[in-house]
S.K.: 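This is the structure I have questions about; it appears just below.
Keep in mind that the numbers below use all heavy atoms, side chains included, and drop hydrogens, waters and symmetry copies. This chain uses plain numbering: 1 for the first residue, then up along the sequence.
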Amino acid sequence: MSEVTTAADQSGDALENLLTESRQFAPSVEFAANAVIHGGEYAKANADRPAFWGEKSRELLTWSKPFTKTLDWSNPPFATWFEDGEINAAYNALDRHVEAGNGDRVAIYFEGEPGDTRTYTYAQLTEEVKKAANAFEALGLAKGDRVAVYLPMIPEAVITLLACARIGAIHSVVFGGFSADALRSRIDDAEAKLVITADGTFRRGKPSSLKPAVDEALSAPGHSVQHVVVVKRNGQDVNWAEGRDVWWDDTVGQASTEHTAVGHASEHPLFILYTSGTTGKPKGILHTTGGYLTQTAYTHRAVFDLHPETDVFWCTADVGWVTGHSYVTYAPLINGATQVMYEGTPDSPHQGRFWEIVEKYKVSILYTAPTAIRTFMKWGEDIPAKYDLSSIRLLGSVGEPINPEAWMWYRRVIGGDKAPIVDTWWQTETGAIMVAPLPGVTSTKPGSAQVPLPGIAVDVVDELGASVQHGHGGYLVIREPWPAMLRGIWGDNERYKDTYWSRFDGMYFAGDGAKWDEDGDVWLLGRVDDVMNVSGHRLSTTEIESALVSHPSVAEAAVVGAADETTGQAVVAFVILRGSAVEDADIVTTLRNHVGHEIGPIAKPKTILVVPELPKTRSGKIMRRLLKDVAEGRAVGDASTLADNTVMNQIAESLRK
Ligand code: WT7
């Protein structure tokens, strides 16, 4: 059995010295007594998963036409949930709270990067969404049409997504850090009719532009876009395509505040979100309505112990990622919560910005990523110590495994030695949290995501798909369909089957390594495929390699994710130059910028190493494992399967020079 400690037993440095996997922090008596979810949920869900989710769905959502069926899994891997029901996501996030008399409750406290602020009550946000829905319809948008969204973290992002959902249009958000090329390929793949963007945003006190990338993306003919709606955010000059471009203020700003939400079929597509896979082309992950809303709403209440009347929730994720869809746009509003939305970075104008925001809005639940926590650790605990963080009562982590040191620091320095930490494992594909402690129930352990949520059948299996025993590792799989599961890859059912359902018979393969510990808790061990995780962002090695070889100076390229203290992994590229290209300092800068242009700044390699050869097997497969050894400064492992066993020496030799 593990040693159980409570926060009262220890504090400060004593905790740092006790970093073993076996320590646990039991929920305090007060926390457990006031928690919204109790331990009985697990047994209830196990007894009948679909019935459990059906009950949660009726409890948390308002259906315009009630469903009579829960799950249909007669045609795996294609699931339907609540198939004969009808529901409107925006009505659930907005109108019903106003109708229930909560129109004056704050929905969003917006904090702009330059320090400007806006507050939206539920009544005000409902009006804005109705106006946007009317304006988009007036521009010709109809149910089922796709809308590309390329916006900063401003309230218009949430308003846009909910306006699309309201009329049944399918949003496809493209993160603002992606390039014009990346934007164009996503617009083309989804055949988007409308683009919603802004002139730009602010980054570290300076204007940063977005509209030029949209102009560049649409400069080549043959696209499906009819109109571009532009939010005026940073006031910079923009080029204007007459007839195509319209200002948000001139359309949405002028639209009527009357708009009736009608129910859409439960399986009506809600959104597409592109994510990197193991091959070059990003996958358009498709999510539908009823099941997605059910699981995001349930997990938001259960995992964050949400008390909507009193809590102030802050999820720091950008709307460009799934976390910004599920836990900024949908779940908090569905649950009637008050949340903070912040446009900028943690270090601008100073390294205490996050804590200043926590103090200002009395944030009680903070949800952020390990890479941010490690950065705060590096900056020093005297920075958060300057602020009153006593409002915090729960802390969440997402995006990559959180190392025990960061977990302990987060708990002690930010959580005042008492706030429970919930490490939440999930993916773009899962739509909502899958593995996490229940804060009033589970004794938490630094570094482990711990337990599959009620109603979620996660397992760890070996190469052959057999469950591994406690104390052993393998691959993370999901054995039963879950409500928020992806319904496919946009336009590519075969790829959906191949990618997720072919590795193990009848199971969803997540792409992550994991182990069960002796207590039966799950530990996530990182990706087992060619997907890297840099600051909690998913990047494909193949996609970056393709970008590199698209440059005329590059003959061949291999990319690995090397361990990095702050960002989890960092992109390291090995390139072979073409005969005529000269190796100098400029080529590295040129290639980094080229990747930035092809994919986006987030994909720029941290290090580019010019090498004479790449290690390959006899069948021509690049042995990235060996390159990873080099990139992480280790002795190179077993190289016996190389076609040419002198290659690693040649690489070592060239790097010494
Ligand atoms: C991949 C999914 C879920 C929203 C953000 C990322 C890794 C995510 C954790 C965690 C260990 C984690 C996995 C997963 N991951 N959360 N708590 N512990 N690993 O979404 O871009 O779809 O990436 O992120 O490797 O497969 P995503």
Side-chain angles (χ1 to χ4, degrees), residues 148 150-153 173-188 197-220 234 236 274-277 279-282 318 320-321 344-345 347-348 371 530-562 564 566-578 581 583-610 631:
Y150 192 64
L151 281 171
M153 264 312 264
V173 180
V174 180
F175 175 57
F178 279 122
S179 67
D181 280 2
L183 174 61
R184 173 65 187 252
S185 68
R186 286 157 175 78
I187 287 173
D188 286 349
T197 189
D199 48 1
T201 174
F202 302 91
R203 270 294 166 267
R204 301 200 169 84
K206 293 196 191 72
S208 141
S209 58
L210 283 166
K211 174 78 164 46
V214 176
D215 294 334
E216 189 187 332
L218 301 181
S219 61
N234 69 8
Q236 69 183 71
Y274 288 84
T275 188
S276 296
T279 64
K281 190 172 175 265
D318 191 281
W321 309 105
T345 54
D347 58 351
S348 185
T371 184
D530 292 333
V531 171
M532 294 172 290
N533 190 324
V534 179
S535 299
H537 298 153
R538 220 158 122 172
L539 296 169
S540 145
T541 53
T542 338
E543 204 179 341
I544 300 177
E545 287 166 4
S546 310
L548 285 165
V549 295
S550 75
H551 191 278
S553 299
V554 177
E556 267 194 272
V559 165
V560 297
D564 183 280
T566 309
T567 57
Q569 286 189 312
V571 180
V572 176
F574 295 80
V575 296
I576 304 178
L577 297 180
R578 282 191 191 284
E583 178 189 345
D584 55 16
D586 285 355
I587 188 73
V588 169
T589 315
T590 306
L591 293 180
R592 288 188 77 238
N593 290 339
H594 178 70
V595 173
H597 185 261
E598 291 292 302
I599 303 172
I602 51 165
K604 282 185 182 176
K606 184 178 178 192
T607 313
I608 295 184
L609 301 167
V610 177

S.K.: Do you know the tightest heavy-atom contact between A213 and A180?
M.R.: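 Looking at all heavy atoms of both residues, the closest pair is O-CB, 3.4 Å.
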S.K.: Return yes if a side-chain donor-acceptor contact under 3.5 Å exists between T371 and H537, otherwise no.
M.R.: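 H537 and T371 do not have a side-chain donor-acceptor pair below 3.5 Å.
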S.K.: Applying side chain to side chain contact (heavy atoms under 4.5 Å, CB included) to F178 and L183, what does each step give before you reach the verdict?
M.R.: CA-CA 7 Å; F178 279 122; L183 174 61; 5.9 Å; no
S.K.: Got M532 and V559 here, is their nearest side-chain heavy-atom distance under 4.5 Å?
M.R.: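 Answer yes - side chains close enough.
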S.K.: So, taking the atom named CE in M153 and the one named CZ in F175, what distance separates them when rounded to the nearest 0.5 Å?
M.R.: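 M153 CE to F175 CZ: 10.5 Å, rounded to 0.5 Å.
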S.K.: Keeping R578 on the side-chain end and S553 on the backbone end, is there a donor-acceptor pair under 3.5 Å?
M.R.: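 Looks like no, no N/O pair under 3.5 Å.
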S.K.: Nearest 0.5 Å, please: how far is OG in S348 from NZ in K206?
M.R.: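 Between atom NZ of K206 and atom OG of S348 there are 9.0 Å.
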S.K.: Indicate whether the side chain of D181 and that of S179 have a donor and an acceptor atom separated by less than 3.5 Å.
M.R.: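 S179 and D181 do not have a side-chain donor-acceptor pair below 3.5 Å.
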S.K.: Working to the nearest 0.5 Å, report the span between CD1 of I576 and CG of L609.
M.R.: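 So the gap between those two atoms works out to 12.5 Å.
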S.K.: Could you pull out the closest heavy-atom pair between A217 and R184, with the gap in Å?
M.R.: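 Closest approach of A217 to R184: O-NH1, 2.9 Å.
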S.K.: State, with a plain yes or no, whether a side-chain heavy atom of L210 is found less than 4.5 Å away from one of L151.
M.R.: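 Answer no - side chains too far apart.
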S.K.: Closer than 3.5 angstrom, by distance alone: can the side chain of T541 be matched with the main-chain N or O of D530 as a donor-acceptor pair?
M.R.: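 Pair found, side chain donor or acceptor close to backbone of D530.
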S.K.: Quick one: CD1 on I599 to OG on S540, what's the gap to the nearest 0.5 Å?
M.R.: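 OG of S540 is found 7.5 Å from CD1 of I599.
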S.K.: I'd like to know whether V534 forms a side chain to side chain contact (heavy atoms under 4.5 Å, CB included) with I602, so could you lay out the CA-CA distance, the side-chain angles of the two residues, the decisive distance to 0.1 Å, and finally the verdict.
M.R.: CA-CA 8 Å; V534 179; I602 51 165; over 6 Å; no
S.K.: Could you pull out all residues at least two apart from P207 that satisfy side chain to side chain contact (heavy atoms under 4.5 Å, CB included)?
M.R.: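 Only N234, Q236 meet the side chain to side chain contact (heavy atoms under 4.5 Å, CB included) criterion with P207.
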S.K.: If you define the side chain from C-beta out and look only at heavy atoms, does anything of H594 sit under 4.5 Å from V554?
M.R.: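 Not in contact.
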S.K.: Restricting to non-hydrogen atoms, name the atom on A603 and the atom on I544 that form the minimum distance, rounded to 0.1 Å.
M.R.: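 Looks like O-CD1, 3.7 Å.
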S.K.: Among residues two or more places apart or on two chains, list those pairs meeting salt bridge (charged side-chain N to carboxylate O under 4.0 Å, His left out) that have a residue in residues 600-609.
M.R.: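 Pairs touching residues 600-609 that pass the test: D564-K606.
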S.K.: Show your working on side chain to side chain contact (heavy atoms under 4.5 Å, CB included) between V173 and W321 and close with a plain yes or no.
M.R.: CA-CA 8 Å; V173 180; W321 309 105; over 6 Å; no
S.K.: Of the non-hydrogen atoms in S550 and A547, which two are nearest, and what is the gap between them?
M.R.: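 Looking at all heavy atoms of both residues, the closest pair is OG-O, 2.6 Å.
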S.K.: Which of these passes side chain to side chain donor-acceptor pair (under 3.5 Å) with H597: H551, R592, E216?
M.R.: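 Among H551, R592, E216, the one meeting side chain to side chain donor-acceptor pair (under 3.5 Å) with H597 is E216.
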